[in-house]
Amino acid sequence: MLDIKLLRESPAEIATNLAARHVRIFDDLGSDEAGDGWAQATVERLVGLDHAYLELLREQEDVRRQQNETSAAMKKVGKLPKAEQQAARAPLVEAGRRLRDREHELAELAQAALTARDEAWGRVPNLTHPEVPRSHDQHRELHRWGTPRDFAAEGFTAEQGPRDHLTIAESLDLVDFASGAKVAGQKFYYLKNEAVLLDLALQHFALGVARKHGFTLHTTPDLAREEILQGLGFNPRGESTQVYSVENSDLCLVGTAEITLGGMLADTILEIDRLPLLVAGLSHCFRTEAGSAGQESRGLYRVHQFTKVELFAFTAAEGDESAAMHQRMLAIEEEIFQALGLPYVVLDIASGDLGGPAYRKFDIEAWMPGRGDFGEVTSTSNCLDYQARRLKIRYRPDGDGKKKAKPKYVHMLNGTAVATSRALVAILENYQQADGSVLVPEVLRPWVGCDRIGPR
RNA sequence: GGAGGAGUGGCCGAGCGGUCGAAGGCAACGGACUUGAAAUCCGUCGUGCCCUCACGGGUACCGUGGGUUCGAAUCCCACCUCCUCCGCCA
């Protein structure tokens, strides 16, 4: 959530940003309309909601002040002669009752107004880094690494070119989607044989890299309270939610350890010498994939459950600290995919595709020969203080001599070290051999225990 | 799962229904003393929101949410969390 003061002080900036992000806040004011008038109208409605709340708040505080005055007067009554107390007390009690009733009334109205405002304000996305391409989905390519293999030159024939990961995995008996569907449903799966070892090897490898870079390793809960999800900018409720909720509880299955790592420090004020604070988390990730039926539905690319090693950083809000950390996290992700020997492209994600909390987002897309295109394998976002505000994660900046400095919200960043399912797709497809076998990337061999899977 | 106990400021810890945003201690910060440091002494020292250019004023917060009362950190109810004991169990 953004600072509400931004709405009061620079509403135009909010409107411009809404337009760039194509984010609809109110059902009847959407980005599908011509021009940016809808964004302007959205901001005006937000301002109206804020005013309504402030007015009630002022009135409520005024009544409370009167209540306090009545109480103070009541205290003095005790010092009067006994005979006079009764008479002095009666009107105060009467006034107090009236004020209490009025206060209850106003409290309810103010609370409702605040809820209405925040419900809408909470959906307003973060501001957008100036260099982010302003577009629905035309991302900027930052750079490339590696060269896709020339399969034809290696003896893959025209009719039998490189196969996709599902074909490979099935021929080598590495996955079982049929049983997954029977037991848990479409898009659930079992990994089998070397795929299990490969999956664990990726985790082990990524954790090692994270640790080397100073991240404290964690395994995290795979569930989290709704409140935490909301703090991180996720919407567990709503028709197109990506989040599984547990019935009769306020728990959700996490879609990423970003949630559990970010939520870990909710409601704390950190001493500045603890920053930057780097944590990495291994968790399962659950996604409903609502609305994505049919999209890349084959195989492991888009599934309901996978395992991920996540990087997370809390930095001070000074200067370009978080921007520098963002580059650092991207560099770690690149290090991992270079070590795995997977060609990739790095994208600066366009404004229309950023998601609510991100100020800027870099994706790595690895080359996937099976589809003849790049596919997303990591994503790192700098969310500035957008998440910290609702989670109340602050730090105390260095004071300038006399006084302790006011706490400030930290900046929060997240990034994928490795999502094993997507990495498996890339590995199987890039390391396939003409004889049907798959080479194991060298860095993973110590854990897989062999240098080649198959042929079978 | 059953029975008890507890949740107060960065930490520890007091707190009779009105004089409590809350004693005291530690830590931190500023100053004095010192060649420097330690020790000692003096002082400062929670957070949010609203109003104000500012000085400042108002209001709220003692795990969370309700309730009783003219008035709640203090009484009542529910929930959350932690601790102890019993039971069960990877």
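- If you measure from atom CG of A:Asp267 to atom C1' of B:rU81, you get 13 Å, rounded to the nearest angstrom.
- Of the P atoms belonging to B:rU34 and B:rG48, the separation is 40 Å, rounded to the nearest Å.
- When rounded to the nearest whole Å, the span between CG of A:Leu275 and P of B:rG10 equals 17 Å.
- Residue A:Arg396 places at least one side-chain N or O closer than 4.0 Å to OP1 or OP2 of B:rU47.
- Between A:Asp250 atom CG and B:rG65 atom C1' there is a gap of 14 Å when expressed in whole angstrom units.
- Residues A:Arg117 and A:Glu271 each lie close to RNA chain B; by heavy-atom proximity, the contact nearer the 5' end of the strand is made by A:Glu271.
- Across all strands, A:Arg100 comes closer than 4.0 Å to base atoms (heavy-atom distances).
- The gap from the P atom of B:rC83 to that of B:rG13 amounts to 15 Å, rounded to the nearest Å.
- The distance between atom CG of A:Asp118 and atom P of B:rC49, rounded to the nearest whole Å, is 12 Å.
- Spacing between B:rU35 and B:rG21 at atom P, rounded to whole Å, works out to 46 Å.
- Evaluation of the salt bridge (charged side-chain N to carboxylate O under 4.0 Å, His left out) rule for A:Lys212 yields A:Glu335 as partners, not counting sequence neighbours.
- B:rG87 and B:rA3: their P atoms are spaced 15 Å apart (whole Å).
- For the pair A:Arg97 and A:Arg8, nearest-nucleotide mapping onto RNA chain B gives the more 5' position to A:Arg8.
- Residue A:Leu54 is classed as a sugar-phosphate contact, given heavy-atom separations below 4.0 Å to backbone atoms only.
- Nucleotides B:rC45 and B:rC29, compared at atom C1', are 8 Å apart to the nearest Å.
- Phosphate contact (OP1/OP2 of B:rC51, side-chain N/O of A:Arg58, threshold under 4.0 Å): present.
- The number of heavy atoms from other shown groups lying within 6.0 Å of NE2 (A:His129) is above 12.
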Check nucleotides 78-80 of chain B against the protein and report each pair of N or O atoms closer than 3.5 Å, with its distance, or say if there are none.
none

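- Distance check on atom C1': B:rC62 versus B:rU74 gives 10 Å, rounded to whole Å.
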Measure all distances between protein nitrogen or oxygen atoms and nitrogen or oxygen atoms of nucleotides 56-60 of chain B, and list the pairs falling under 3.5 Å.
unit_1, atom_1, unit_2, atom_2, d
B:rG58, N2, A:Glu61, OE1, 3.0
B:rG58, N2, A:Glu61, OE2, 3.3
B:rU59, OP1, A:Asn68, ND2, 3.2

